[in-house]
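This report refers to the structure that appears directly beneath it.
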Amino acid sequence: MPSLQCASSSIIGDQAITFNTQGSVFIIMQIVSVRQVLGGEIPTGTEVTVQGWVRTRRDSKAGFSFIHINDGSCFANLQLVADQALANYENGILRLTSGASVSCRGTVVESRGRGQNVEIQAAEIDIPGLVEDPDHYPIQPKHHSYEFLRTVAHLRPRTNTFGAVTRIRHVAARAIHDFFDRNGYFWVNTPIITASDAEGAGQMFRVSTLDLVNPPRTDEGKIDFGEDFFGRETFLTVSGQLNVEAFCLAMSKVYTFGPTFRAENSNTARHLAEFWMVEPELAFADLGDLATLAEDFLKFVFKQVLERCPDDMAFFAERVEPEAIARLENLIDSPFVRMEYSEAIDILQASGKKFEFKPEWGIDLQTEHERFLTEQHCKAPVVVMNYPDEIKAFYMRLNDDGKTVAAMDVLAPGIGEIIGGSQREERLAVLRSRMAQHELDEATYSWFLDLRRYGTVPHAGFGLGFERLLNYITGLSNIRDVIPYPRTPGNASF
RNA sequence: UCCCCGGUAGCUCAGCUGGUUAGAGCGGGUGACUGUUAAUCACUAGGUCGUUGGUUCGAAUCCGACCCGGGGAGCCA
């Protein structure tokens, strides 16, 4: 609290702290977090209450026990020293096992052991909940496989790994909002329920209140969605882009950040049926502006995570991906590699590598191609720009060459496509002809076409998979390990 | 959805060219010891070997089907 220099008092959660003009701290109520104690915010000699869950307990026959607790506030555990003189020592403290909850009143003291600067000399340890059946409690102080932890998604927040993931996820989300806020973007909450299929970005989940067993039928015997809740077929959104474009052409700089749904039968470490997507859209901008935005954006988020989560990142570097910190630092310091799609194809063809799919102008880049470019050729994230129009969506802007569109993908080592974006086709006539090519019904998109009729401007935007970003930051390789409750084909447990 | 690999104690795994009572480490319990650090040492409990059919005198082990998980691919963020 050194930054607080004038007399003041504040209440944060359950604690009330009063400061005098000299900066001394008087604590009235003293429920504090492990982070505050270990961070040196609480002077030694102060009586406090700390609360959390037991990680390990060790007993000394000299008549006391060491209890390590974690409350999620930070990576590190706090050591409680419990003397046998405590009233519930025999019946309570000696029965503490991993996972039990404790509330401890005690004094912050300098530690007499190594491994921590301070610890709590307990005066009283309340135990709201022991672990029943401790020999079957799944979370032990040892290595667990990620596969196993997914089967206990309700308990894995208690592990080092998932605690770190949760804190980093929070900080990254905050950083995303901060980045856009500082750069004049407005957060637009686009609808979750939608009647339009955004460019066929993927299979959609149907939203309906019809009786599935006996639905109303039209005269032709088809299901009568006119009788459905919204009077038409509706789905969960696969992208907020089309909706946010309308706000872009009024607010200039906007973004969405929310859940997105894809009913694809994708069984990979990179796909979820429910994930969070960030979609900025900026007016009066071209593809180059967009690539710059993507780069600035990623660098800002990475920087924030490194600054605010050093302990968590150190853990991932030590246990998961040795390069986790170094590669973020390198990325922050160096410009992204940008290349034309045509150039990427040339590089792949000249590489002499044997690919399962032969790189040829006109095909979409395969995972093996992306990996070569990011992991071997550039050893850095790569922005590939201007793809053949046949392999990209209808709304992407047709380039003057007539055969490519102003699309870009940001590819990250180990993850593949982390961002996909484009400059949008703002010319009404061109957009209509591209819609015709894609056999899209103009009536469905009439409002989207209006945006080109009434004060159209060049604009561009991208989509970023939030969980893929977290995979890249943490080095965790499976997308199911960076979201609290993963939804994948055949699995909606918890 | 396709290709490959796997499912043995609460967890991580060994055992699998078929053959007595299926093992280890961690975790749990008991005890010893210690300002301890995923402590250490001793003892101990704990398993219908994914499910289901089949081959065989005999199956954790071989074969089929199914379920679940992992890796890779496609689709994409």
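These numbers were taken from a predicted model, which means no experiment stands behind them. In what follows, chains are A, B, ... by sequence order, proteins preceding strands, each numbered from 1.
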Open item on the list: Can you say whether a donor on the side chain of A:R468 sits under 3.5 Å from an acceptor on the base of B:rC76, or the other way round?
Closed with: yes
Open item on the list: Once hydrogens and angles are ignored, does a donor-acceptor distance under 3.5 Å link the base of B:rC75 to the side chain of A:S266?
Closed with: yes
TODO: Would you mind classifying the nucleic acid contact of A:S145 as base, sugar-phosphate or nothing, using non-hydrogen atoms under 4.0 angstrom?
DONE: sugar-phosphate
TODO: Mind checking A:T268 for me? I need base, sugar-phosphate or nothing, with any heavy atom below 4.0 Å counting as a touch.
DONE: base
TODO: Answer with base, sugar-phosphate or nothing: what part of the nucleic acid does A:Q79 contact at a heavy-atom distance below 4.0 Å?
DONE: base
Task: Atom pair distance, as rounded to whole Å: NZ in A:K358 and P in B:rA73 - done: 21 Å
TODO: Please indicate yes or no: is the ring centre of A:F275 less than 5.5 Å from the centre of the six-membered base ring of B:rA77, with the two planes inclined by under 30 degrees?
DONE: yes
Task: Side-chain N,O (A:R270) to OP1/OP2 (B:rA73) below 4.0 Å - done: yes
Task: Pairing nucleotide - B:rG31, Watson-Crick or G-U, each distance under 3.5 Å - done: B:rC41
TODO: Flag the pair A:F300 / A:F180 as yes when their ring centroid distance falls below 6.0 Å, and as no otherwise.
DONE: no
- [ ] Taking A:D286 for its side chain and A:D289 for its backbone only, find out whether a donor-acceptor pair lies under 3.5 Å.
- [x] yes
TODO: Between B:rA60 and B:rU1, how far apart are the C1' atoms? Round to whole Å, please.
DONE: 32 Å
Open item on the list: B:rG28, OP1 or OP2 - any side-chain N/O from A:R95 closer than 4.0 Å?
Closed with: no
Task: B:rG25 versus B:rU36 - spacing of their P atoms, nearest Å - done: 25 Å
- [ ] Indicate, with a heavy-atom threshold strictly under 4.0 Å, whether A:I139 touches base, sugar-phosphate, or nothing.
- [x] nothing
Task: Donor-acceptor contact present, side-chain A:D364 to main-chain A:Q366, <3.5 Å - done: no
Task: Pair partner, B:rA73 [Watson-Crick or wobble, under 3.5 Å] - done: B:rU1
Task: Below 4.0 Å: OP1/OP2 of B:rG74 and any side-chain N or O of A:T367 - done: yes
Open item on the list: Categorize A:E274 for me: base, sugar-phosphate, or nothing, with a 4.0 angstrom heavy-atom threshold over every strand shown.
Closed with: nothing
Task: Under-4.0 Å side-chain N/O to phosphate OP1/OP2 contact, A:N267 with B:rA73 - done: no
Open item on the list: Going by purine N1 to pyrimidine N3 plus the second Watson-Crick contact, or the G-U wobble pair, all under 3.5 Å, which nucleotide sits opposite B:rA65?
Closed with: B:rU51
Open item on the list: For the C1' atoms, the ones on B:rU55 and on B:rC63, what distance do you get once it is rounded to whole angstrom?
Closed with: 7 Å
- [ ] Would you check if the distance from the ring center of A:Y472 to the ring center of A:F302 is below 6.0 Å?
- [x] yes
- [ ] Give a yes or no on whether the backbone of A:F357 and the side-chain of A:H369 come within a donor-acceptor separation of less than 3.5 Å.
- [x] yes
Task: Exam field: side chain A:T237 to backbone A:T194, donor-acceptor pair closer than 3.5 Å - done: no
Task: Integer angstrom distance from the C1' of B:rA73 to that of B:rG18 - done: 37 Å
Task: Mate of B:rG19 where both pairing distances stay under 3.5 Å, Watson-Crick or G-U - done: B:rC57
- [ ] Measure from the side-chain heavy atoms of A:S60 and tell me the nearest of B:rU36, B:rG27, B:rU34.
- [x] B:rU34
Open item on the list: Under 3.5 Å for both donor-acceptor distances, Watson-Crick or wobble: does B:rU36 have a partner, and if so which one?
Closed with: none
TODO: Answer yes or no: does a side-chain N or O of A:Q366 lie under 4.0 Å from OP1 or OP2 of B:rG74?
DONE: yes
Open item on the list: Between A:E245 (side chain only) and A:L242 (backbone N and O only), is there a donor and an acceptor less than 3.5 Å apart?
Closed with: no
- [ ] Determine the contact category for A:F148: base if any of its heavy atoms lies under 4.0 Å from a base atom, sugar-phosphate if only primed atoms, P, OP1 or OP2 are that close, otherwise nothing.
- [x] sugar-phosphate
TODO: Look at the side-chain N and O atoms of A:R480 and state whether any lies under 4.0 Å from the OP1 or OP2 oxygen of B:rG70.
DONE: yes
TODO: Could you tell me whether A:L272 contacts a base, only the sugar-phosphate backbone, or nothing, with contacts defined as non-hydrogen atoms closer than 4.0 Å?
DONE: base
- [ ] For A:N77, answer base if it contacts any base atom (sugar-phosphate contacts may also be present), sugar-phosphate if it contacts only those atoms, and nothing otherwise; contact means non-hydrogen atoms under 4.0 Å.
- [x] nothing
- [ ] Tell me what A:H144 touches on the nucleic acid: a base, only sugar-phosphate, or nothing, going by heavy atoms under 4.0 Å.
- [x] sugar-phosphate
